[in-house]
Amino acid sequence: QVQLMESGGGLVQPGGSLTLSCAASGFTLDYYVIAWFRQAPGKEREAVSCITTHEGFTYYSDSVKDRFTISKVNEKNTVYLQMNNLKPEDSAVYYCAADRPWPSVEGMCPLTQAFGSWGQGTQVTVSS
């Protein structure tokens, strides 16, 4: 049974940093794509970043490129999202998701429908 658990959310001031964790259980991160999505109130869920656990390929949305960094520690079955220079518009519930890779991982990463396993989410609020 695939389970994903996010942690690390909270309240942070603009310009601050947070690191989110996505801990996987019920499977090993040997050949998966792990993605971070976010959803703000009244908005659709949007892709933030993703990583392949076997190659380390990474994807970032334009809105977070150069501010967020995704990484993995396979031995800990955990994927991290380091978020720097946070802005109020980054406020959302952040979800991690997992699924086997498509032939085109770059095409897969932005799509919510590409991922079958999801965590419960962790709230990130950026406010002064």
Side-chain angles (χ1 to χ4, degrees):
Q1 180 180 351
V2 173
Q3 287 189 327
L4 300 169
M5 178 70 72
E6 304 93 338
S7 61
L11 174 64
V12 63
Q13 292 187 343
S17 298
L18 279 176
T19 299
L20 305 183
S21 300
C22 173
S25 60
F27 68 106
T28 55
L29 294 181
D30 54 351
Y31 191 66
Y32 276 87
V33 178
I34 308 296
W36 286 97
F37 289 80
R38 66 186 182 187
Q39 188 166 21
K43 295 189 176 182
E44 291 189 356
R45 192 169 297 189
E46 63 172 356
V48 174
S49 181
C50 80
I51 189 167
T52 60
T53 59
H54 52 294
E55 297 173 325
F57 167 87
T58 58
Y59 158 91
Y60 298 95
S61 67
D62 288 342
S63 61
V64 306
K65 202 171 291 184
D66 299 326
R67 297 190 298 123
F68 290 11
T69 302
I70 192 169
S71 62
K72 60 182 178 68
V73 179
N74 285 13
E75 294 78 7
K76 293 186 176 180
N77 242 28
T78 301
V79 170
Y80 302 93
L81 186 69
Q82 172 70 41
M83 306 185 295
N84 296 328
N85 190 22
L86 283 161
K87 305 175 182 180
E89 52 264 41
D90 294 318
S91 297
V93 178
Y94 282 70
Y95 300 89
C96 67
D99 217 310
R100 296 292 192 177
W102 287 5
S104 169
V105 175
E106 193 166 5
M108 173 186 184
C109 285
L111 303 176
T112 56
Q113 61 266 37
F115 295 88
S117 298
W118 291 81
Q120 293 300 307
T122 185
Q123 176 71 48
V124 172
T125 303
V126 184
S127 175
S128 55

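Worth knowing before you read on, the calculation uses all heavy atoms, side chains too, and leaves out hydrogens, waters and symmetry mates. As the structure is a computational prediction, the values presented were derived from the model and not from experiment.
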**Q** Group every Ile, Leu, Val, Met, Phe, Trp and Tyr by side-chain heavy-atom contacts under 4.5 Å, then state whether Leu18 and Ile34 land in the same group.
**A**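 Per the 4.5 Å side-chain linkage, Leu18 and Ile34 are co-clustered.
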**Q** Identify every side-chain donor-acceptor pair in residues 114-128 under 3.5 Å, counting partners at least two apart or on other chains, and give the distances.
**A**
| from | atom 1 | to | atom 2 | distance (Å) |
| --- | --- | --- | --- | --- |
| Trp118 | NE1 | Phe115 | O | 2.9 |
| Thr122 | OG1 | Gly9 | N | 3.2 |
| Gln123 | NE2 | Ala92 | O | 3.4 |
| Gln123 | NE2 | Thr125 | OG1 | 3.4 |

**Q** Picking from Gln39, Glu44, Arg45, what satisfies side-chain contact (heavy atoms from CB on, under 4.5 Å) with Thr112?
**A**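 Going through Gln39, Glu44, Arg45 one by one, the side-chain contact (heavy atoms from CB on, under 4.5 Å) with Thr112 is satisfied by Arg45 alone.
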**Q** Please give me the minimum heavy-atom distance between Thr53 and Tyr31, naming the atom from each residue.
**A**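 Result for this residue pair: OG1-N, 3.4 Å.
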**Q** Hey, could you give me the OG1/CD distance between Thr52 and Glu106, rounded to the nearest 0.5 Å?
**A**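 If we round to the nearest 0.5 Å, Thr52:OG1 and Glu106:CD are 11.5 Å apart.
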**Q** For Gly107 and Ser104, which heavy atoms make the closest approach, and how far apart are they?
**A**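 Closest approach of Gly107 to Ser104: N-OG, 3.1 Å.
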**Q** Assess whether a salt bridge exists between Lys87 and Asp90, defined as any Lys/Arg side-chain N lying under 4.0 Å from an Asp/Glu carboxylate O.
**A**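 Salt bridge between Lys87 and Asp90, a charged N being under 4.0 Å from a carboxylate O: no.
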**Q** Does one hydrophobic cluster hold both Leu4 and Val93, with members joined at side-chain heavy-atom distances below 4.5 Å?
**A**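 No, Leu4 and Val93 fall in different hydrophobic clusters.
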**Q** Using the side chain to side chain contact (heavy atoms under 4.5 Å, CB included) rule, take Val48 and Tyr95 through it: C-alpha gap first, then chi angles, then the decisive distance, then the call.
**A** CA-CA 10 Å; Val48 174; Tyr95 300 89; over 6 Å; no
**Q** Can you tell me how far apart OG (Ser7) and OH (Tyr94) are? Round to the nearest 0.5 Å.
**A**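 With rounding to 0.5 Å, OG (Ser7) is 15.0 Å from OH (Tyr94).
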**Q** Going only through I, L, V, M, F, W and Y residues with side-chain contacts under 4.5 Å, is there a path from Ile51 to Phe27?
**A**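 Looking at the clustering, Phe27 is in the same group as Ile51.
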**Q** Roughly how far apart are Leu81 CG and Thr69 OG1, rounded to 0.5 Å?
**A**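 Leu81 atom CG to Thr69 atom OG1 measures 8.0 Å (nearest 0.5 Å).
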**Q** Quick check for you: to the nearest 0.5 Å, what is the distance between Cys50 atom SG and Met108 atom CE?
**A**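 CE of Met108 is found 7.5 Å from SG of Cys50.
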**Q** Residues two or more places apart in sequence or in another chain: which of them pass salt bridge (Lys or Arg N to Asp or Glu O under 4.0 Å) with Asp99?
**A**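 Scan of Asp99 (salt bridge (Lys or Arg N to Asp or Glu O under 4.0 Å), adjacent residues dropped) gives none.
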**Q** Are Arg100 and Tyr32 in a cation-pi contact, defined as NZ or CZ under 6.0 Å from the six-membered ring centre and within 45° of the axis?
**A**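 Yes, Arg100 lies over the aromatic ring of Tyr32.
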**Q** Quick one: do Tyr60 and Val79 end up in the same hydrophobic cluster if we chain Ile, Leu, Val, Met, Phe, Trp and Tyr together by side-chain heavy atoms under 4.5 Å apart?
**A**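 Both belong to a single hydrophobic cluster.
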**Q** Would a hydrophobic clustering, with Ile, Leu, Val, Met, Phe, Trp and Tyr connected at side-chain separations under 4.5 Å, put Phe68 with Leu20?
**A**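 Yes: a chain of side-chain contacts under 4.5 Å links Phe68 to Leu20.
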**Q** Atom CD of residue position Gln113 - does it have more than 12 heavy atoms of other residues, nucleotides or ligands inside 6.0 Å?
**A**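 Counting neighbours around CD of Gln113, more than 12 heavy atoms of other residues, nucleotides or ligands fall under 6.0 Å, so yes.
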**Q** Using the side chain to side chain contact (heavy atoms under 4.5 Å, CB included) rule, take Glu46 and Arg38 through it: C-alpha gap first, then chi angles, then the decisive distance, then the call.
**A** CA-CA 5 Å; Glu46 63 172 356; Arg38 66 186 182 187; 2.6 Å; yes
**Q** Would you name the heavy atoms of Ser61 and Ala47 that are closest together and state the gap between them?
**A**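 Nearest heavy atoms, Ser61 then Ala47: CB-O, 3.5 Å.
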**Q** Between Thr28 and Asn77, what is the shortest heavy-atom contact and its length?
**A**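 So the two residues come closest at CA-OD1, 3.5 Å.
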**Q** Heavy atoms only: give me the nearest His54-Asp30 pair and the separation to one decimal.
**A**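 It is CB-O, 3.5 Å.
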**Q** Could you measure the distance from the CZ atom of Phe37 to the SG atom of Cys109? Nearest 0.5 Å is fine.
**A**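 Going from the CZ atom of Phe37 to the SG atom of Cys109 covers 7.5 Å.
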**Q** What's the separation between atom OH in Tyr59 and atom CD1 in Ile70, rounded to the nearest 0.5 Å?
**A**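 Interatomic distance, Tyr59 OH to Ile70 CD1, rounded to 0.5 Å: 11.0 Å.
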**Q** Any idea which heavy atoms bring Cys96 and Glu6 closest together, and the distance?
**A**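 In terms of heavy atoms, the two residues are closest at N-OE2, 2.8 Å.
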